[in-house]
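A short write-up of the structure that comes next.
Each chain gets a letter, A, B and so on, in the order the sequences are listed, and its residues count up from 1.
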Amino acid sequence: MSGRAEHRSRGPLIVVPAAIWLILFFTLPLLIVVAISFAERGRAGGVRLPLVFTLEYYQRLVDPLYLGIFWSSVRIALVVTLACVLVGYPMALFISRVAPRRRNAMLLLVIIPFWTNFLVRTYALKLLLSAEGVVNNLLLGAGLVEAPLDLLFNNFAVVLGLVYGYFPFAVLPMYASIEKFDMTLVEAATDLGANLRRAFLRIMLPLTAPGIIASVILVFVPVVGAFITPDIMGGGKVEMIGTLINRQFGVARNWPFGSAMSLALMLMVVVGVIYYLRSSQESERLI
Amino acid sequence: MSAGTAVRIRRGSFSLRLGRAALGANAWLALAFLYLPILVLIFFSFNDSRSVARWTGFSVEWYLRLLDNEPLLRAARNSLLIAFVSTLASTAMGTLTALGMDRYRFRLRTSFDAILYLPIVIPEIVLGISLLLFFNLAFFPLLEALLQVRLTLGLPTITIAHIAFDIPFVYVIVRARLVGFDRTLEQAAQDLGANEWRTFWRITFPLLLPGILGGALLAFTLSLDDFLVTAFTAGTASPTMPLYIYSLVRRGVTPEINALSTVLLVASMGLIVVSLVLQRRR
């Protein structure tokens, strides 16, 4: 009996290693970012020590130049998310309707990109679109263009790269929702006189909405703060929040400004996710 | 009236068929979009000229060149070492945490739960810069003051960072495995005289093993593939594979990168097969 009681009091100690690790190497670093975002920049870059309080970098955040980059990142993320959902939803629907064997094969094809290196996949797309790449080679060979087209290093290339990178993440949650959805409900609606469009909008869409919302979060969150894709597909010509933050810790050496930007990005993302968690019931959640 | 209904039904089934065809076309086109670039990449890794768009003949030259590329091999060794160490550490800590959070109620439990999920949600670049600032402004100065050792960014700091972002993923996967876990099996073992230690290794651990292995596999892949957090915690002396690939990819497209990418793709396929085998056993 006393052994039981002792067990109960000692039991929670098994979470201590992870707790220490995450407090030390996750929570504390975030608090340091908060502190640095309110500090003055050092004369040779970095941060001035000891820390001197200033609000300068938060004021700079609302400068139209930086506000513009924030807004254009959000816009790119919205376009990418919309494209992923508009292509992914019908794809998920199709996968859920084919014969089991083919269904598993198609699901595997959607899952494989999860396990492959993101840089490698981005490179594969860059390869296709580059001046000496296959697309330009075909166009030149067919005599359709005189000189290679600039398919890379613009907004279109970045959006395409992001859709390419995150599309698989959009399909799976929507598939999980659609697969659970009872198709006879649509039949019932059409039997009762609704046309297919109405049955879809009034029955299927609301009931599979949790999957769509999960997909939106899974795509929007990483895309709005993306670095690799705008860097590689944009070639320095397309600015997003991620590339801007990276520059503050690279060549610009402005740690306080980079910290303030990171916090703004994090706040935007975390508030969105918390809103989702609050507004959805636990049973409906897919992520 | 009845003729009208018949027409409507026929039109309905026609548009249904059309809809089905459109659904199929959309799905297969999307898959083509996903895989065409990868297939082109693999194809031209076997080209015998430097062109990545015009086929001139078969060769494995680019693969042979990888073998005497010293920086590449060093980066590969670094990546594997970091991935192994961080997988072991994060799997142990993540599993224990999943058990602890599943079975016990304690103070600050909800706050800890939030800390466990937050690293999954916040943008990777924020994790990266926070660790860069932490190591440079707090961790290194503190170690120097306390122990008189001077450290810089390198393999140990990358590993520390990878363990931190791996723990939540292992935790989530093992915790999911604990849902529906039949605790009467453990009680039965203890009623039959097994002590706690023995009960854990003979009952709990084998039942959780698929979840633990799944978590470990995910941690290993995440660590092996990570670019952003690694870039901020690596310093200059010890590049990993993704850092090395990034430096090449920024410079342009070459058949060497194609060959290297193909090797990595094949390695990921191996990991997928392992994960499928694990799932089958579940």
Contact list (residues 112-121 of chain B to chain A, heavy-atom gap under 4.5 Å, by number) returns Phe112(B), Ile115(B), Leu116(B), Leu118(B), Pro119(B), Val121(B)
Engaged part of Ile112(A) at the chain B interface, taking heavy atoms whose separation is under 4.5 Å: both
Whatever's closer than 4.5 Å to a heavy atom in chain A on Leu127(B) counts as side chain
Leu128(A), part contacting chain B, at a heavy-atom distance under 4.5 Å: side chain
Bottom line for Trp21(A): the part with an atom under 4.5 Å from chain B's heavy atoms is side chain
Approximate separation, where rounding is to 0.5 Å, of Leu31(A) CG and Leu133(B) CG: 12.0 Å
Tell me whether Tyr164(A) contacts the main-chain N or O of Leu34(B) through its side chain, where contact means a donor paired with an acceptor under 3.5 Å. yes
Using non-hydrogen atoms and a 4.5 Å limit, figure out which bit of Leu119(A) sits close to chain B: side chain, backbone, both or neither. side chain
Of the backbone (N, CA, C, O) and the side chain (C-beta and beyond), which part of Leu125(A) lies under 4.5 Å from a heavy atom of chain B, both, or neither? both
Okay, Ser261(B) and chain A: the region with an atom under 4.5 Å from a heavy atom over there is both
Which atoms of Thr27(A) are under 4.5 Å from chain B, going by heavy atoms: the side chain, the backbone, both sets, or neither? side chain
With a 4.5 angstrom heavy-atom cut-off, could you sort out which part of Asn258(B) is near chain A: side chain, backbone, both or neither? both
Taking side chain as everything from C-beta outward and backbone as N, CA, C, O, which of these in Leu160(A) sits under 4.5 Å from a heavy atom of chain B? Side chain, backbone, both or neither. both
Below 4.5 Å, heavy atoms only, C-beta onward: do Ile232(A) and Tyr246(B) meet side chain to side chain? yes
Counting only heavy atoms closer than 4.5 Å, note whether Ile160(B) contacts chain A via side chain, backbone, both or neither. both
Heavy-atom side-chain proximity of Asp225(B) to Trp115(A) below 4.5 angstrom: no
For Ile38(B), is it the side chain, the backbone, both or neither that has a heavy atom under 4.5 Å from a heavy atom of chain A? both
By the definition side chain to side chain contact (heavy atoms under 4.5 Å, CB included), identify the one residue from Val16(A), Ile14(A), Leu13(A) that meets it with Leu96(B). Ile14(A)
Quick one: pull up CG in Asn246(A) and CG in Leu228(B) and give me the separation to the nearest 0.5 Å. 7.5 Å
Validation row: Ser130(B), Phe25(A) side chains within 4.5 angstrom (heavy atoms): no
Please classify the contact between Leu49(A) and chain B as side chain, backbone, both or neither, with a heavy-atom cut-off of under 4.5 Å. side chain
Tell me, for Ile257(B) versus chain A, whether the close heavy atoms (under 4.5 Å) come from the side chain, the backbone, both or neither. both
Quick check for you: to the nearest 0.5 Å, what is the distance between Ile245(A) atom CD1 and Ile129(B) atom CD1? 6.5 Å
If one checks every heavy atom of Met241(B) against chain A at 4.5 Å, the contacting part turns out to be neither
Is it the backbone or the side chain of Val47(A) that comes under 4.5 Å from a heavy atom of chain B, or both, or neither? side chain
Atom pair CH2 (Trp255(A)) and CG (Leu132(B)), whose distance is rounded to the nearest 0.5 Å: 5.5 Å
Under 4.5 Å heavy-atom distance to chain A, tell me which part of Phe33(B) shows up: side chain, backbone, both or neither. both
Honestly, the part of Phe232(B) sitting under 4.5 Å from a heavy atom of chain A is side chain
Heavy-atom cut-off 4.5 Å, strictly under: side chain, backbone, both or neither for Phe139(B) against chain A? side chain
Can you confirm whether Leu137(B) sits close enough to Ile36(A) that some side-chain heavy atom of one is under 4.5 Å from a side-chain heavy atom of the other? yes
To the nearest 0.5 Å, how far apart are CG in Leu22(A) and CD1 in Ile167(B)? 4.5 Å
Side chain, backbone, both or neither: which part of Arg121(A) has a non-hydrogen atom closer than 4.5 Å to chain B? side chain
Check the orientation of Phe227(A) and Phe227(B). Use parallel for under 30°, tilted for 30 to 60°, and perpendicular for over 60°. parallel
Asn117(A) portion near chain B, given a 4.5 angstrom heavy-atom threshold: both
What part of Val134(A) lies closer than 4.5 angstrom to a heavy atom of chain B: side chain, backbone, both or neither? both
Check each atom of Ile163(B) against the heavy atoms of chain A and say whether the ones under 4.5 Å are side chain, backbone, both or neither. both
So, Tyr35(B) side chain and Leu109(A) main chain: donor-acceptor pair closer than 3.5 Å or not? yes
